[in-house]
Amino acid sequence: MSKNLVIVESPAKAKTIKKYLGKEFEVLASYGHVRDLVPKEGAVDPRHDFAMKYEVIERNQKHVDAIAKALAKADALFLATDPDREGEAISWHLYELLRERELLDGKPVKRVVFHEITKRAIQEAISHPRDLEMDLVNAQQARRALDYLVGFNLSPLLWKKIRRGLSAGRVQSPALRLIVEREEEIERFEPREYWSIGAACFKQQAFGAKLIEFAGEKLTQFSISDGERAAAVRSSLLAAAQGTLSVTKVDKKQRKRNPAAPFTTSTLQQEASRKLGFSANRTMRTAQALYEGVDIGSGNVGLITYMRTDSVNLAAEALTEIRELISRKYGAHNVPDEPRVYKTKAKNAQEAHEAIRPTSAVIEPEQVRGHLSAEQFKLYELIWKRTVACQMIPATLDTVAVDLACGTGNTFRASGSTIADPGFLMVYEEGVDDAKAKDADDEDSSRVLPPLAVGDRIELRDISADQHFTEPPPRYSEASLVKALEEYGIGRPSTYAAIISTLQAREYAVIENRRFVPTDVGRIVNRFLTQHFTRYVDYDFTAQLEDELDEVSRGEKDWVPLMHEFWGPFSSLVTDKETSVSREEVAQARELGIDPQSGKPVSVRIGRFGPFVQIGTKDDADKPKFASLRAEQRMDTITLDEALDLFQLPRSLGETAEGEAIRTNVGRFGPYVQYGKKYCSLKGDDDPYTLTRERALELIAAHKEAEANKYIRVFDDSPVQVLNGRYGPYITDGKKNAKIPKDREPAALTLAECLELLAAAPEKKAGARGRSAAVKEPKAAKEAKTPKAAKAPKSSAKAD
């Protein structure tokens with residue numbers, strides 16, 4: 001029997017820690033949170049100081065029972081969950097559950113924290129336990145209660161005013177606002193024309209120069225704004241140059257470039273997105289595995305420190321190890337005289353963590369590559385390189401700027417640089433969000449100019465005039481969105497991945513070319529929230545609330561008055577908007593014009609199944625006509641002509657050789673082609689609006705072949721069939737499915753054998769899906785029977 005029971009969050013971590021503690025300690029995992037608010041209204045009671053009703057999370061009940069059983073035999077309990085608010089709360093919830101079971105009487109309960117899973121850190125933590133930090137627990141409870149109250153009150157309002165399944169969140173909604181406002185900024189953007197004048201020069205080598213002065217006037221970006229003016233300037237310069245330019249000034253400088261700070265949660269997510277193409281979720285999932293421990297041949301070893309942190313500090317022993325490694329691997333001259341110290345930029349750096357770093361810089365990425373998955377290796381290498389580089393000397397660059405005269409009052413400038421001493425750049429260089437800006441910067445910084453001196457004559461080979469247009473700000477990538485959230489103080493490092501995932505899961509935004517694009521539903525939700533709940537999606541208000549939660553975590557503020565201050569105005573506003581705002585007002589149907597055939601108004605609006613175009617109104621004698629928008633179309637930008645084109649469906653494409661009518665349409669689950677009473681889904685580039693009869697016949701032939709191969713055996717006067725399914729042959733009677741034993745030949749089965757196997761098969765559960773579900777009609781057929789366009793009148797007319 002182990003005298004001491006240690007509780008951590010994950011089984012991987014438990015396995016690693018058990019190795020360091022020995023036989024006197026039993027280590028079990030809680031598998032994350034053990035308790036949460038009951039999932040129904042009333043879980044948080046504002047009338048009784050926000051008393052919360054908790055219940056054990058069903059999937060973790062067995063783990064709680066295992067912990068309780070082990071504690072009954074132990075002498076002491078060590079709560080070693082993660083070193084942040086969530087971890088503190090998990091320890092507290094577990095403590096409360098065990099106390100309720102009367103398992104703690106007379107037994108010491110100790111809270112231990114560590115920021116890396118190494119033998120030294122674990123043993124040090126066990127030797128220096130502390131009590132539970134109720135300030136951290138209260139901050140987590142306040143955050144959970146706030147999120148619950150917003151979700152349980154605002155989300156149903158969205159269901160009533162827009163459609164079911166939507167949600168609003170305290171930090172999710174301001175994040176959505178960022179994405180939508182950026183998209184609106186892009187749509188409002190009007191490109192502005194400008195021209196640049198460049199000189200193609202040669203002396204020992206070819207190099208370029210840009211015009212910075214013309215006729216005695218310094219040029220700005222828009223000094224030359226049209227092609228006619230650019231052509232005139234070019235002609236004037238060619239005439240003045242007569243084939244040569246004169247060097248009038250050579251400015252040589254040396255500049256230093258310092259390494260970036262070690263990773264925080266935010267910067268790790270940004271850099272992994274830029275350099276590795278990882279989503280925030282993927283980054284955190286991979287970092288969690290590296291933190292909890294990976295078997296590198298000598299057992300599980302935690303490879304990085306805790307990955308949820310705002311801090312850029314490094315422990316003294318880590319600094320010593322890193323400096324020794326740099327000296328040994330890259331040379332003593334690359335080690336600065338003193339360790340580099342970085343200041344945390346985050347307004348309220350969370351807790352007293354270290355930056356994210358390797359637990360031991362001696363463990364180089366290539367040494368453990370064979371023991372890591374591809375993504376684990378990439379992320380570990382990124383963290384290792386960034387950490388080592390942050391303690392190296394700066395890079396030294398020799399820069400030169402040369403002014404070249406072209407007649408009188410006209411000046412070109414050529415610039416370039418060379419790396420005199422790479423310093424930290426030999427290990428790592430930080431990425432940037434805007435690739436175009438990087439390319440332009442690299443073009444100037446990496447160009448090497450020939451030796452030039454004042455008075456030199458330079459051959460001018462040509463002068464170019466290039467047209468440009470200003471570009472709108474880029475859409476947010478995951479990296480730049482995380483950066484913006486951090487700058488605004490929205491959320492905390494541990495929440496960024498969840499925020500981004502929720503925006504996509506709710507279909508408020510989609511990722512196109514690795515950039516966020518708001519959907520029509522996202523725009524409408526954002527418009528509703530910004531117009532009617534302005535304060536609660538305000539960036540400053542959200543950041544201020546985060547600051548106040550941080551004050552609670554530090555014991556500077558009581559969480560209950562904070563909750564009352566938030567809840568009073570918020571609940572009143574929700575109550576008011578339930579009656580004062582109509583569904584029609586929220587949907588904000590946009591009039592597009594008049595249908596030339598019917599003379600009825602054409603509008604675009606949102607319905608149960610998404611955005612659609614409507615001809616006519618619900619007050620007309622005839623029912624309105626409806627058509628769903630295509631995937632690439634947006635409510636805010638669709639035109640009248642584009643809307644009317646949507647009513648081409650269903651399209652008739654003639655008949656098959658057997659006389660079956662062919663048509664294309666869009667169903668609730670996508671486009672399809674119908675032949676007779678059968679259907680097949682369209683995939684890839686096949687478009688129901690442009691599909692030709694020839695292509696339709698190809699798809700129909702393929703579908704018929706697949707259908708023919710589907711039936712292995714059918715029995716006359718019986719619903720029993722032997723079919724080829726997604727997972728192999730099976731038997732069905734339309735109500736029940738049965739597996740075929742491996743030693744039986746499907747085509748040789750008799751009706752009696754099939755009935756026997758069906759009788760022995762388990763009954764289909766209500767709502768069951770997958771292999772054991774009853775045979776269902778093809779997906780395309782289901783879609784065709786309830787196409788979105790056909791269903792829209794019923795659902796949308798009621799809604800709108």
Side-chain angles (χ1 to χ4, degrees), residues 8-14 16-17 29 32-33 80-90 113-118 121-122 125 136 140 260-276 278-294 296 300-315 318 342 344-346 349-361 363 365 368 372-373 375-388 390 478-479 482-483 485-486 491-501:
V8 295
E9 289 186 36
S10 78
K13 193 188 301 182
T16 307
I17 292 172
H33 277 278
T81 50
D82 288 349
D84 56 14
R85 295 178 201 175
E86 294 296 319
E88 203 75 20
I90 291 170
V113 294
F114 38 82
H115 300 92
E116 61 183 75
I117 302 179
T118 60
I122 301 301
L136 290 177
Q140 191 275 342
F263 280 130
T264 62
T265 304
S266 167
T267 55
L268 177 63
Q269 290 176 0
Q270 292 173 52
E271 196 74 336
S273 175
R274 297 183 193 116
K275 290 194 167 184
L276 307 180
F278 284 11
S279 66
N281 254 334
R282 186 180 179 189
T283 298
M284 296 308 290
R285 183 177 65 248
T286 307
Q288 183 89 32
L290 293 173
Y291 165 68
E292 291 179 350
V294 178
I296 60 173
N300 273 35
V301 174
L303 291 177
I304 64 170
T305 54
Y306 193 56
M307 63 284 161
R308 293 185 178 92
T309 177
D310 291 318
S311 175
V312 289
N313 297 322
L314 295 174
Y342 295 89
T344 301
K345 293 182 180 179
Q350 228 181 28
E351 280 64 84
H353 299 171
E354 269 193 89
I356 303 170
R357 63 167 175 83
T359 53
S360 174
I363 304 176
V368 293
L372 306 180
S373 69
E375 60 184 15
Q376 287 173 348
F377 171 76
K378 288 177 182 177
L379 195 65
Y380 181 65
E381 183 182 47
L382 193 72
I383 294 168
W384 187 90
K385 286 183 175 181
R386 173 90 162 216
T387 306
V388 171
C390 84
E478 283 213 22
V482 166
K483 185 176 182 181
L485 291 172
E486 183 178 41
R492 284 295 177 259
S494 59
T495 66
Y496 296 150
I499 291 170
I500 290 170
S501 295

Check this for me: Lys275, atom NZ, are more than 12 non-hydrogen atoms of other residues, nucleotides or ligands nearer than 6.0 Å?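 Yes.
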Suppose we screen for side chain to side chain contact (heavy atoms under 4.5 Å, CB included). Which residues come up paired with Thr81, at least two apart in sequence or across chains?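 For Thr81 the side chain to side chain contact (heavy atoms under 4.5 Å, CB included) partners, ignoring immediate neighbours, are Glu9, Ile90, Ser91, Arg111.
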Reported [atom1]-to-[atom2] distance for the pair [X] and [Y], which is rounded to 0.5 angstrom:
X	Y	atom1	atom2	answer
Ile356	His115	CD1	NE2	12.0 Å
Thr305	Tyr291	OG1	OH	9.0 Å
Phe278	Met284	CZ	CE	13.5 Å
Glu354	Thr264	CD	OG1	13.5 Å
Arg285	Gln376	CZ	CD	10.5 Å
Asn300	Lys13	CG	NZ	13.0 Å

Distance-minimising heavy-atom pair for [X] and [Y]:
X	Y	value
Ala29	Pro11	CB-N, 3.5 Å
Cys390	Ala260	CB-O, 3.3 Å
Val312	Ala261	CG1-CB, 4.0 Å
Ala89	Gln140	CB-OE1, 3.3 Å
Phe263	Ala355	O-CB, 3.5 Å
Ile17	Val8	CD1-CG1, 3.5 Å

When you measure from the side chain of [X] to the backbone of [Y], do you find a donor-acceptor pair of N or O atoms at a distance under 3.5 Å?
X	Y	value
Tyr306	Asp84	no
Thr283	Gln269	no
Thr16	Glu292	yes

So [Y] and [X], do their side chains get closer than 4.5 Å, heavy atoms only?
X	Y	result
Ser360	Thr118	no
Leu372	Leu303	yes
Leu379	Leu268	yes

Taking only residues two or more places apart in sequence or in another chain, which ones pass salt bridge (Lys or Arg N to Asp or Glu O under 4.0 Å) with Glu116? Arg120, Arg357
Tell me, with the steps shown, if Val482 and Thr265 meet side-chain contact (heavy atoms from CB on, under 4.5 Å). CA-CA 10 Å; Val482 166; Thr265 304; over 6 Å; no
Could you tell me which residues satisfy ring pair (Phe, Tyr, Trp, His ring centres under 6.0 Å) with Tyr496, sequence neighbours excluded, listed by chain and number? none
Ionic contact status for Glu381 with Lys378, cut-off 4.0 Å: no
Evaluate Val368 against Val301 for side-chain contact (heavy atoms from CB on, under 4.5 Å), listing each step before the verdict. CA-CA 11 Å; Val368 293; Val301 174; over 6 Å; no
Do Glu486 and Ser266 pair up side chain to side chain, a donor and an acceptor below 3.5 Å, judged on atom types alone? yes
Answer with yes or no whether the side chains of Ser311 and Asn313 bring together a donor and an acceptor at under 3.5 Å. yes
